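Not measured: the values here are computed from a predicted model.
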Amino acid sequence: MAKIVAKTKTTLSPLPALLVTCQDASGKSNIITISYVGVVNATPPMIYISVRPPRFSYPMIKESGEFVINIPGDDLQKETDHCGITSGRNVDKWELTGLTPAPATKVKAPLIKECHVNLECVTKQIIPLGTHDMFLAEVVAVDADEEYLQPGGKVDIDKIRPFAFCYDAMEYWSLKDCIGPYGFSKGMF
């Protein structure tokens, strides 16, 4: 089958469907759904999120320099979608979704109690890129429900059941099965 040249765009899929919480100086917090996210460094642990400047959460994240990445399971797909299509300017997303804010250990932005893994982040650099600004941040704490961890502290993906967003198709997809451990191609496992 022949390849054709498609329209240039960010076609990378799937992307994680994540809930990011933030808080302003007055204590007002918000939840924003983010899929433009990734790991950029191991030591120190660094991650990025990209946010459009017109978004309601943008000034909260920029001014506070902090945010929390909350990893929803597929049981929170509806809430994740609501937080992505509804603006915090008009609606209290905590009230709308029934999600529960919980205190973080290192940052002022709240965790989402219903998300079993939460990454507390402190912004180190903001890079304007065009439609989005990228917030490079250090992960200063990881909060996890104990029953969602494997021995040794690794997150149990099968219990959390994260899901993905496919931007090009505008669809959510589940992550069904592990298809092999890292290093399986060289017989490491």
Q) Are F135 and Y36 near enough that their ring centres are under 6.0 Å apart? A) no
Quiz prompt | Step-by-step side-chain contact (heavy atoms from CB on, under 4.5 Å) determination, I71 to N118 | solution = CA-CA 6 Å; I71 303 174; N118 320 83; over 6 Å; no
A109 and Q23 have their tightest heavy-atom pair at CA-CB, 3.9 Å
Does T33 form a side-chain contact (heavy atoms from CB on, under 4.5 Å) with D81? I'd like the steps, not just the answer.
CA-CA 7 Å; T33 301; D81 187 59; over 6 Å; no
Per side-chain contact (heavy atoms from CB on, under 4.5 Å), I160 is matched among D145, V117, L175 by V117
Query - Single-linkage hydrophobic cluster, 4.5 Å side-chain cutoff, V91 and I85 together - result: no
L76 and E114 have their tightest heavy-atom pair at CD1-O, 3.7 Å
Rounded to the nearest 0.5 angstrom, the CE-OG distance for M170 and S13 is 10.5 Å
Should W173 and L15 be regarded as members of a common hydrophobic cluster, given that ILVMFWY residues are connected when their side-chain heavy atoms come within less than 4.5 Å of each other, either directly or indirectly?
no
- Taking it one step at a time, do K62 and I126 satisfy side-chain contact (heavy atoms from CB on, under 4.5 Å)? CA-CA 8 Å; K62 185 174 182 179; I126 302 171; 3.8 Å; yes
Correct closest heavy-atom pair for T97 and C83 would be CG2-SG, 3.8 Å
Value for OG (S50) from CG (D133), rounded to nearest 0.5 Å, stands at 8.0 Å
Correct closest heavy-atom pair for H132 and P53 would be CA-CD, 4.4 Å
- prompt: Is V68 reachable from L119 through a run of I, L, V, M, F, W or Y residues, each pair having side-chain heavy atoms under 4.5 Å apart?
  reply: no
Correct closest heavy-atom pair for S35 and A17 would be OG-CA, 4.0 Å
| Under 30°, 30 to 60°, or over 60°: which ring-plane class applies to Y172 and F165, parallel, tilted or perpendicular? | tilted
Taking the side chain from N30 and the backbone from F56, do they hold a donor-acceptor pair closer than 3.5 Å? no
_Close side-chain approach of I69 and C121, heavy atoms under 4.5 Å_ = yes
Item to check | Joint hydrophobic cluster, I157 plus V37, side-chain heavy atoms closer than 4.5 Å | outcome: yes
Worksheet entry | Whether E66 side chain and V122 backbone form a donor-acceptor pair below 3.5 Å | no
For Q125 and I127, the nearest pair of non-hydrogen atoms, with its separation, is NE2-CG1, 3.9 Å
Rounded to the nearest 0.5 angstrom, the CD-SG distance for E63 and C22 is 10.5 Å
| said: Hydrophobic clusters here meaning ILVMFWY residues chained together by side-chain heavy-atom distances under 4.5 Å, can you tell me if I47 and L18 are in one? | reply: yes
Separation between OH (Y182) and OG (S185), nearest 0.5 Å, reads 9.0 Å
CA sep, side-chain torsions, deciding dist, call: V40, L136, side-chain contact (heavy atoms from CB on, under 4.5 Å): CA-CA 8 Å; V40 294; L136 286 174; 3.9 Å; yes
Check: Are any of the side-chain heavy atoms of F67 and S57 separated by less than 4.5 Å?
Finding: no
SG of C115 to CG of D75, rounded to nearest 0.5 Å, is 8.5 Å
More than 12 heavy atoms from other groups under 6.0 Å of OH on Y167: no
Problem - Basic-acidic side-chain contact under 4.0 Å: K124, E138 - result: yes
Side-chain donor-acceptor pair under 3.5 Å between N70 and T21, yes or no?
yes
Quick check on E147: does its CD atom have over 12 non-hydrogen neighbours (other residues, nucleotides or ligands) under 6.0 Å away? yes
Looking at L99, is its backbone amide N or carbonyl O close enough to the side chain of E79 to form a donor-acceptor pair, meaning the two atoms are under 3.5 Å apart?
no
Q) Between the side chain of N41 and the main-chain N/O of P45, is any donor-acceptor distance below 3.5 Å? A) no
d(D168 CG, E171 CD) to nearest 0.5 Å is 10.0 Å
With R161 as partner, the option from D74, D156, D177 fulfilling salt bridge (Lys or Arg N to Asp or Glu O under 4.0 Å) is D74
Can any side-chain N or O of K159 pair as donor or acceptor with the backbone N or O of L149 at less than 3.5 Å?
-> no
Next on the checklist: Has K93 got a side-chain atom pairing as donor or acceptor with I31's backbone, closer than 3.5 angstrom?
Outcome noted: yes
Could you check whether any side-chain N or O of E120 sits under 3.5 Å from a backbone N or O of V140, counting only pairs where one atom can act as donor and the other as acceptor?
no
